Protein chains: 2
Amino acid sequence: MAVVREERADAARNRKAILEAADDLFATSDSPGEVSMDDIARAAGVGKGTLFRRFGDRGNLIRQVYAVRLAPLREQIESGPPPLGPDTPPRERVAAIIDAIAVVKLDNAHLMLALEEGGGPTSGVYGSADYVGVHGLLRDLVATELGVGRAGWIAHVLLATVRADLLRHVTEGEGMSHSAIRSCLRDFVDHTLDH
Amino acid sequence: MAVVREERADAARNRKAILEAADDLFATSDSPGEVSMDDIARAAGVGKGTLFRRFGDRGNLIRQVYAVRLAPLREQIESGPPPLGPDTPPRERVAAIIDAIAVVKLDNAHLMLALEEGGGPTSGVYGSADYVGVHGLLRDLVATELGVGRAGWIAHVLLATVRADLLRHVTEGEGMSHSAIRSCLRDFVDHTLDH
DNA sequence: GCATGATACGGACTGTTAGTCCGCTTGGCA
DNA sequence: TGCCAAGCGGACTAACAGTCCGTATCATGC
């Protein structure tokens, strides 16, 4: 029976400082790929060794920062009230989830870009636990509407419509407003679930 | 009136050698991000200076390799016979284009991954001339079917369904066959253009 | 053929990055 | 207060994209 050691106070303090510094740097930098691990360590006021001891590698640090941002959304989906929570009819729930993901990504564009770009060649978007989780949920919801046949594929397509780089392109490159995007998404989801 | 100088014979030879070596390395490496410029130079039997003189940077080299692979498809679309060429009714043409893109990406998975990953943080998929071109064409075709309102958005969504990393995930991660993917895509395009 | 200048070559070099290592420090417990 | 596991930091390594410049090669005028 291994006794689980508490994290030491200084370690906890540093972990928090690193997450905050990274969040801030990713949020303010134009191109998240340009934020180096040294930058983050310096901004957090810790040594590089500390940073890597705590987070292992770049991809994992980014995923942790992202997890913090996404926790409220995930909780809403898993156990919140409608329209995100489990008591929602499948169709509205799919629409609400896609909309909520779009909102989070639009509001945290830089960070989400960092995740999808720099999540590392190791994993990419599709390897992450978050993707797998939300894909599974959507697949099941879609299956109740359209049958299991192509539900998995449809779920991938739905998620492809809210990829961070696509959202960035249509906002920054084409000047679409957030509300126009959400309205297109809403239409698209509705139409996709009509059969 | 500037006289356009011919490319010197040795330069032409080296350009060809580099393109072939790069194509081969990207095609055989599991993770195209791991193919370095030094590797390519060595495989081509040229110095690094030559490689960079000819291609400027990594992203551009990848785009050139990709352009070679894509030339036949582009030509078919621009001036070939139906179902890809301009004499095709819009609806079938959209379906044929998406299918053809999927086939090329499925057949050249590694290279396409290299392009989408490593095209550089500078551009990404959405910055490339190829993306812009095919998006514009699809947008116009979709507009003739559904009106201009959301045609641009729909065109992005159609292209998002044939992104190289998604295709890789469903083939390698989920074991979908190429024909199953193409059939899903076909259904999806048909349904998306129904209104 | 051969001289000559533009063109191209190649690999040593630079700058920057992710990630490692290890001697020193500190927090927590008896 | 003394002990030591846990944690710290920054010098270090390895690998990479991209640059530079002395040397070699090609094409052209004679």
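Numbered from 1 within each chain, the chains take letters A, B, ... in sequence-line order. Only a predicted model underlies this, so the values are computations on that prediction, with no experimental measurement involved.
Nearer to the 5' terminus of DNA chain C, by closest-nucleotide assignment, is the contact made by B:Thr50 (compared with the other of B:Thr50 and A:Val35). Taking for each of A:Asp38 and B:Val46 the nucleotide of DNA chain C with the nearest heavy atom, the 5'-most of the two is the partner of B:Val46.
The distance from atom CD of A:Glu34 to atom P of C:dA18 is 12 Å, rounded to the nearest whole Å. The interatomic distance linking A:Glu7 (CD) with C:dT26 (P) rounds to 19 Å, in whole Å. Taking atom CZ of A:Arg53 as the reference point, atom P of D:dA6 lies 10 Å away to the nearest angstrom. In this structure, CD1 of B:Ile40 is placed 11 Å from C1' of D:dA17, rounded to the nearest angstrom. Rounded to an integer number of Å, the gap from B:Met37 CE to C:dT14 P is 21 Å. When rounded to the nearest whole Å, the span between CZ of A:Arg13 and C1' of D:dA6 equals 14 Å. Spacing between atom CG of B:Leu51 and atom P of D:dC20 amounts to 17 Å, rounded to whole angstrom units. If you measure from atom CZ of A:Phe55 to atom C1' of D:dG9, you get 16 Å, rounded to the nearest angstrom.
Donor-acceptor pairing under 3.5 Å, judged by distance alone, is present between the side chain of B:Lys48 and the base of D:dA17. Side-chain atoms of B:Arg58 stay outside donor-acceptor range of the base of D:dA17, with no qualifying N/O pair under 3.5 Å.
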Using ring-ring contact (aromatic ring centres under 6.0 Å, His included), reason through B:His156 and A:Phe188 one step at a time and then give a plain yes or no.
CA-CA 12 Å; B:His156 283 307; A:Phe188 174 75; over 10 Å; no

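A salt bridge is absent between A:Asp130 and A:Arg63; no separation between the charged side-chain nitrogens and carboxylate oxygens falls under 4.0 Å. Under 4.0 Å is where a charged nitrogen must lie from a carboxylate oxygen, and between B:Asp194 and B:Arg91 at least one such pair does.
Looking at heavy-atom distances under 4.0 Å, A:Arg54 makes contact with sugar-phosphate atoms alone, never a base.
Checking C:dC9, D:dG18, C:dA18 against every side-chain atom of B:Phe52, the shortest atom distance belongs to D:dG18. Nearest to the side-chain atoms of A:Arg8 among the listed nucleotides D:dA27, D:dA6, C:dG10 stands D:dA6. Proximity note for A:Asp10 (side chain, C-beta onward) versus C:dG10, D:dC8, D:dT25: the nearest is D:dC8.
How far CG of A:Leu25 is from CD of A:Glu20: 12.0 Å, rounded to the nearest 0.5 Å. Here the straight-line distance linking atom CG of B:Leu73 with atom NZ of B:Lys105 works out to 10.5 Å at 0.5 Å rounding.
The side chain of B:Asn14 places an N or O atom within less than 4.0 Å of a non-bridging phosphate oxygen (OP1 or OP2) of C:dC9.
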